[in-house]
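All remarks here apply to the structure that follows.
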There are 2 protein chains.
Amino acid sequence: MSRESSTNQPKYLRIAAELRAILERGDYAPGDRLPGENTLAADFGVASLTMRQALGLLRGEGLVGSRKGSGWYVEDFRPIRRRGIPRLARDQWGSGRTIWSADDDRSPDVDQVTVTEEAAVPQHIAEVLDLAENETVCVRSRRYVMENRPVMLAASYLPQVLVAGSAITEANPGPGGIYARLADLGHAPTRFREEIRVRMPSGEEVARLSIPADRSVIKLARTAFDSEGRAVEVNEMTMDSAAYVLDYEFDA
Amino acid sequence: MSRESSTNQPKYLRIAAELRAILERGDYAPGDRLPGENTLAADFGVASLTMRQALGLLRGEGLVGSRKGSGWYVEDFRPIRRRGIPRLARDQWGSGRTIWSADDDRSPDVDQVTVTEEAAVPQHIAEVLDLAENETVCVRSRRYVMENRPVMLAASYLPQVLVAGSAITEANPGPGGIYARLADLGHAPTRFREEIRVRMPSGEEVARLSIPADRSVIKLARTAFDSEGRAVEVNEMTMDSAAYVLDYEFDA
DNA sequence: CAGTGGTCTAGACCACCAA
DNA sequence: TGGTGGTCTAGACCACTGC
């Protein structure tokens, strides 16, 4: 029968909900391999494509992952907590309890580091940095990997005229990072804006982050302003949406 | 030929990228109807299911939408900008330029308002509010609709013992909202924590937000602390991820 | 080499929409 | 009533994994 069950929900949604409940009940341990999709399809009495549709939803959610030629596995990755406003006084608030559990203290590996001067600047970056016609930018690009899993891509854009000759144009910007170097140049960042949105990944992002095409990414654009209100850096980050919890604390 | 094109990308990714480029070039105006999926499939030389897979990616992204029995349309919704830290001094920074364009000044309609006392409190809420065994909470639930499109669900949880007898337990909490009433009760919020993560929607969220099952949602949990560091409210929001740009500004 | 997930096809039936 | 999107099926071929 292709009759939908009582609630009139499509099969793949019903099956996804059922599987989600099974996983959250803990029938499988993190890292465990699930039965193959053909076995599952037979168990649930649906075609394997329908089964895949349900599994795809859970994968988009980060609950399970698939390895081609191998099988489906229960995801065991603990999300990373990213503190957006790190400088505020340490909180004893509410005994530090948070809504979602996530790790704070792991530090990621960084690879795929490139520093280049670019003439072709994305329009939205050029506008925020208030670039003149044909002005070039210094682009610092890198990838963050946590426990062998790529979790974030980041690209910093700085006006080339501002940073030319400084260590910012080198792969290693020295102690304190590029913000310390900007301070040396008289443009210490004093204010930040972070803008967050969620999108589906591009083909390149799918490849570099090793995520499935149906997993969304968080785009976080951080603009740094110096004391005169000039935008001196735009850092555009692209995160695996299942890998992060973003955290902002502030006073009323 | 089912041979993949030069870059070895699957057809549906290549087609999605091609369509995305067409849309961003502006060949179709916002609100325009696209050719039907069978027509598109013939144009691109693929099966209609493959075409649907590509269209589904763009829909997850919020670029297009589909209406059953009618067709595919170019989405014309302008994202909403939500300022997370509204109280900081107005910014003249960078002439107020932002990375992504989004509207600031529309105000949404609110419906589906309920205020109830609940004994069954989700575990993660109970922990943050530091509830005793069997303690109940006041739950204020509502839905935000912008231009006839549901964009956010929100549910506030407050300890019932704290708010019993106050206007907080009524549908209309009076001028200044519940934060003013909390202040009246001697528990004015002085500090906030916002935690953000991205998930696939539940069946209920799909229904209440009228979003496709493959569109992710932003879960934003806002915890309010009073001057003694007590968590007095948790507001759990669920947003259509394509409808919002989140914005945080703060000093270094 | 057998089994697995990933992609793709052709075609079916349904619910919904618009004329 | 004809066209549209939404769901579902059965089956094909491929690339990859692990024995």
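Just so we're on the same page: letters track the sequence lines, and every chain starts at 1. Values in this document were obtained by computation on a predicted structure and should not be read as measured data.
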Quick check on C:dG6: is either OP1 or OP2 less than 4.0 Å from any side-chain nitrogen or oxygen of A:R52?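 Affirmative; the distance criterion is met.
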
Would you say B:T50 places a side-chain N or O within less than 4.0 Å of OP1 or OP2 belonging to C:dT9?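 Yes.
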
Just how far, in rounded Å, is [atom2] of [N] from [atom1] of [X]?
X: B:K11; N: C:dG6; atom1: NZ; atom2: C1'; result: 14 Å
X: A:L49; N: C:dG5; atom1: CG; atom2: C1'; result: 12 Å
X: B:N38; N: D:dG5; atom1: CG; atom2: P; result: 7 Å
X: B:L40; N: D:dG6; atom1: CG; atom2: C1'; result: 16 Å
X: A:I211; N: C:dG6; atom1: CD1; atom2: P; result: 14 Å
X: A:I15; N: D:dC8; atom1: CD1; atom2: C1'; result: 11 Å
X: A:L34; N: C:dG3; atom1: CG; atom2: C1'; result: 16 Å
X: B:W72; N: D:dG3; atom1: CH2; atom2: P; result: 20 Å

Which of these nucleotides, [options], is closest to any side-chain atom of [X]?
X: B:P10; options: D:dA10, C:dT9, C:dC8; result: C:dC8
X: A:S66; options: C:dG5, D:dT7, D:dT9; result: C:dG5
X: B:R33; options: D:dT9, D:dT4, C:dG5; result: D:dT4
X: B:Y12; options: C:dC8, D:dC8, D:dG6; result: C:dC8

Take A:E75 and A:R149 through the salt bridge (Lys or Arg N to Asp or Glu O under 4.0 Å) test and state the conclusion after the steps. CA-CA 12 Å; A:E75 195 56 69; A:R149 166 177 162 155; 3.5 Å; yes

When you measure from the centre of the six-membered ring of [Y], is the NZ or CZ of [X] under 6.0 Å away and within 45° of the axis?
X: A:R81; Y: A:Y244; result: no
X: B:R222; Y: B:F192; result: yes
X: B:R193; Y: A:Y248; result: no

Show your reasoning for whether salt bridge (Lys or Arg N to Asp or Glu O under 4.0 Å) applies to A:R199 and A:E205. CA-CA 11 Å; A:R199 292 171 43 93; A:E205 290 162 350; over 6 Å; no

Please figure out whether B:G36 or A:V46 has its closest DNA chain D nucleotide nearer the 5' end.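 Final value for this comparison: B:G36.
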
What residues form a salt bridge (charged side-chain N to carboxylate O under 4.0 Å, His left out) with A:E37, not counting sequence neighbours?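 Only A:R52 meet the salt bridge (charged side-chain N to carboxylate O under 4.0 Å, His left out) criterion with A:E37.
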
Can you pull every protein N or O that's under 3.5 Å from an N or O on nucleotides 16-19 of chain D?
from	atom 1	to	atom 2	distance (Å)
D:dT17	O4'	A:G69	O	3.4

Main chain of A:A21, side chain of A:E24: is a donor-acceptor contact present, judged purely on distance under 3.5 Å? no

